Protein chains: 2
Amino acid sequence: MVTIKQVAEYAGVSVATVSRTLNDSGYVGKESRKKVEKAIEDLGYIPNEVARSLYQKTSKMIGLLLPDISNPYFPLLAKGVEDYAQQNGYMVLLGNVEDNSDKEDMYVKFFSQYNISGILSAASGQRKYNDSVPFVLLDRAKEDEIYSISTDDRLGGELAGQAILNAGGKKIIVMAGPQSVSGAKDRLSGILAELNKADADYRIFETDTYQVDKAEETAQNLFQTFQSFDSVIASNDVYALAVMKEAIKKGYRIPEDIQIIGYDDMLFSRLMYPGLTTIAQPAYQLGYKGAKMLVDLIEKNYVENKKVKLKPKLIERDSLR
Amino acid sequence: MVTIKQVAEYAGVSVATVSRTLNDSGYVGKESRKKVEKAIEDLGYIPNEVARSLYQKTSKMIGLLLPDISNPYFPLLAKGVEDYAQQNGYMVLLGNVEDNSDKEDMYVKFFSQYNISGILSAASGQRKYNDSVPFVLLDRAKEDEIYSISTDDRLGGELAGQAILNAGGKKIIVMAGPQSVSGAKDRLSGILAELNKADADYRIFETDTYQVDKAEETAQNLFQTFQSFDSVIASNDVYALAVMKEAIKKGYRIPEDIQIIGYDDMLFSRLMYPGLTTIAQPAYQLGYKGAKMLVDLIEKNYVENKKVKLKPKLIERDSLR
DNA sequence: CCTCAATCTGTAACCGATTACACATTTAGT
DNA sequence: ACTAAATGTGTAATCGGTTACAGATTGAGG
């Protein structure tokens, strides 16, 4: 491994001069600069970030906390984060915390041990973070004074409600995600606002998790609990898919007998038959903009809004009448 | 931030004693140990990994290179890696390289700057890695002397071929993934071996990418290129899904008119209707065992096989007759 | 020609850990 | 009781960078 000392020696200058050349800081003579550049080139020198980080007490790494990478929504987020980070010279350290606050703590500790420069978290956000390091909540918002970026779930709910109503939904099942998650709550209130406004006939079916492996079971449950309905507002696309499958299996036609709307807009929602009408969350954008917000915070740039909300969008396909 | 020096002072011993206590190295008296432990507790000391890493020239971080996180197959891999890493005290640094070897180079350089202790790569593997750092190829195998863990794709191909034959496939379309990827090649050879053995009637439809946003287009293309067939062996589940959609749209029944088998076994493959019969790749296992192999290499434990192959499995659902 | 500021460069301290080495004290064996 | 080995502890060097500070050189202005 080539060190700055070797570069200095090869170039016939001191390490200070090499460092100044590297960082464009202080004065460096033309001659020296040239010699240093040649030395770096000849030796194939790559500065060691660990040493730099030790002195600076910060690194070019950001931590990303995700509740569940195997849920297809989060990789999209992650990709947005990764893209922005990479374009701006940051690395991302991944932490899969599975709604387990011990794991969350563990990662936060891990991160601090590595002089991480900021944290992006899509996890529960239950824990109180040490505010010594910039922190942005991703995809979840909270009341208190924390930077966050999320989807306007209330609006998403309204959109879903309107779409079902416009398609002539008469007896509607509303699947409501876990109400401990603020997004699910807002969504439900948006849906109900529209439904109530139209004085529609609906029932609420509460599901206590977003876990993908519970989807089938939940769908079966739904058909057992309710007998006659013509519309379902699902809590997300995975659950919508499970409901559709169960419906078709029971001989209902979609959307003629039962119409369904999802939430998220996953890759496969477009690919199934019939295509799933859904509310698209700008997952990639969320990740990208969240990363931008965090980097701005880290570099002490001006950040306009502490809380930004992105707009969801109705994607019309074939599962509504 | 609490440093080892402060702990030493508080405990009334030297930093060397604190360090020895921390690492269970060398001799530490009972009294001293107790005092140090109390100091750590009282002060809430957390050792700085950056400093340690500088001296040791290695860290407890491993790099994970993925071709595309948004492809639902890779998060499963990542989760396996993450779980093993986390259980053994390692952090994972994520790199999304998108089959772009410049990005790949960039990440490898980044990794080395951070004294990463090993690399796990599911990327092309075109580049020659600096063998100064332990390296394991994930999901892709190569001929040369490199550690790797992958699925037995040849067997996977055979399984798919047999399944189609057993289900009475007469005129078969074989979608072959990009032949530059060794897995796709092995799979094709496995399929063809079975098909030829049975003297079956088949056509090959080569697709030059696994990119998910090309799936629909490819499916339409397939139906334009061939007119009469009763079976499709898809290159993966996403493509299988796209083909199914196109088939249903064109009025074919599945599996009565056209039967389809996929590859991968994604989460949604179970949830669609009809359920997709497919060859399951043990993605999570791959990641988990790959991480284990890498950690063994890093810690210089005995590693039995340089190249391990995991067995794929036929998952029977409803898309075959 | 003199003075003061601007420019250039090197020495050494520092970041927070680990560890070689030296020295002191116990303990064990004969 | 004497010696050798085992045990305990601190000082200082080290890892590879950054930067405060001081000293040297150059240039501009009067």
Side-chain angles (χ1 to χ4, degrees), chain A residues 1-37 39-40 43-61 89 109-117 132-133, chain B residues 1-37 39-40 43-61 89 109-117 132-133:
Chain A
M1 189 196 196
V2 185
T3 71
I4 198 172
K5 220 170 178 171
Q6 292 166 31
V7 173
E9 195 168 337
Y10 185 98
V13 299
S14 75
V15 292
T17 300
V18 177
S19 178
R20 279 189 289 253
T21 308
L22 244 37
N23 303 302
D24 267 319
S25 63
Y27 296 111
V28 179
K30 269 196 154 185
E31 275 307 296
S32 299
R33 161 160 279 124
K34 208 164 285 171
K35 282 190 290 179
V36 170
E37 276 161 359
I40 290 177
L43 267 38
Y45 169 69
I46 299 176
N48 183 317
E49 272 299 320
V50 174
R52 188 199 303 251
S53 164
L54 177 60
Y55 188 90
Q56 312 275 231
K57 290 165 188 294
T58 176
S59 71
K60 295 285 251 176
M61 299 193 288
K109 181 179 151 192
F110 238 143
F111 287 165
S112 79
Q113 289 186 297
Y114 280 101
N115 286 175
I116 219 156
S117 62
S132 65
V133 49
Chain B
M1 189 199 195
V2 185
T3 70
I4 198 172
K5 219 170 178 171
Q6 292 166 32
V7 173
E9 194 167 339
Y10 184 97
V13 299
S14 76
V15 293
T17 301
V18 177
S19 178
R20 280 188 286 251
T21 308
L22 244 36
N23 303 301
D24 267 320
S25 63
Y27 297 111
V28 179
K30 269 196 155 185
E31 275 306 297
S32 299
R33 160 160 280 123
K34 209 166 281 174
K35 283 190 290 181
V36 169
E37 275 161 0
I40 290 177
L43 268 37
Y45 167 70
I46 299 176
N48 183 316
E49 271 299 321
V50 174
R52 190 200 302 253
S53 164
L54 177 60
Y55 187 90
Q56 312 276 231
K57 292 165 186 293
T58 175
S59 70
K60 293 285 252 175
M61 299 192 288
K109 181 179 152 191
F110 238 142
F111 287 166
S112 78
Q113 289 187 296
Y114 281 99
N115 287 173
I116 218 155
S117 62
S132 66
V133 49

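Convention: sequence-line order gives letters A, B, ...; per-chain numbering from 1. What you are looking at is a predicted structure, and each value in this text was computed from that prediction instead of being measured.
Using a 4.0 Å heavy-atom distance criterion, A:V50 is classed as making no nucleic acid contact.
For the pair A:S59 (side chain) and A:N115 (backbone), a donor-acceptor distance under 3.5 Å is present. A side-chain donor-acceptor contact under 3.5 Å links A:S117 to the backbone of A:M61. The backbone N or O of B:N48 lies less than 3.5 Å from no partner atom in the side chain of A:Y114, so there is not a single donor-acceptor pair. Remark: side-chain polar atoms of B:Q113 are not paired, donor with acceptor, to backbone N or O of A:V50 under 3.5 angstrom.
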What one-letter contact string describes nucleotides 17-28 of chain C from 5' to 3', where B marks a base within less than 4.0 Å of any protein heavy atom, S marks contact via sugar-phosphate atoms alone, and - marks no contact? SBB---------
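A:Q6 places its CD atom 9 Å from the P atom of D:dG17, with the value rounded to the nearest Å. Atom P of nucleotide D:dT18 and atom CG of A:L54 are separated by 12 Å, given to the nearest angstrom. Taking atom NZ on B:K34 and atom P on D:dT9, their separation rounds to 13 Å, with Å as the unit. If you measure from atom NZ of A:K57 to atom P of D:dG17, you get 19 Å, rounded to the nearest angstrom. B:R33 has its CZ atom 9 Å from the P atom of D:dG8, to the nearest Å. Rounded to whole angstrom, the span from the CD atom of B:E9 across to the P atom of D:dT11 amounts to 12 Å. Between the OH atom of A:Y114 and the P atom of C:dG16 there is a distance of 17 Å, given to the nearest Å. When rounded to the nearest whole Å, the span between CD of A:E31 and P of D:dT26 equals 13 Å.
Contact annotation: A:S32 reaches the phosphate of C:dT9 (side-chain N/O to OP1 or OP2, under 4.0 Å).
Under the side-chain hydrogen bond (donor to acceptor under 3.5 Å, both in side chains) rule, A:R33 has a single partner from A:T17, A:T21, A:D24, which is A:D24.
With a 6.0 Å radius and a threshold of 12 heavy atoms from other residues, nucleotides or ligands, A:E9 has its CD atom at or below the threshold.
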Could you walk me through whether A:S112 and A:V133 pass the side-chain contact (heavy atoms from CB on, under 4.5 Å) check? CA-CA 9 Å; A:S112 79; A:V133 49; over 6 Å; no
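Put simply, CD1 on A:I4 and CD1 on A:I40 are 8.0 Å apart, with the number rounded to the nearest 0.5 Å.
A salt bridge between B:K34 and B:E37 is absent, with no side-chain N of the basic residue lying under 4.0 Å from a carboxylate O of the acidic one.
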Taking only nitrogen or oxygen atoms into account, show me every contact under 3.5 Å that the protein makes with nucleotides 3-7 of chain D, one pair per line with its distance.
residue, atom, partner, partner atom, Å
D:dT7, OP2, B:Y27, OH, 2.9

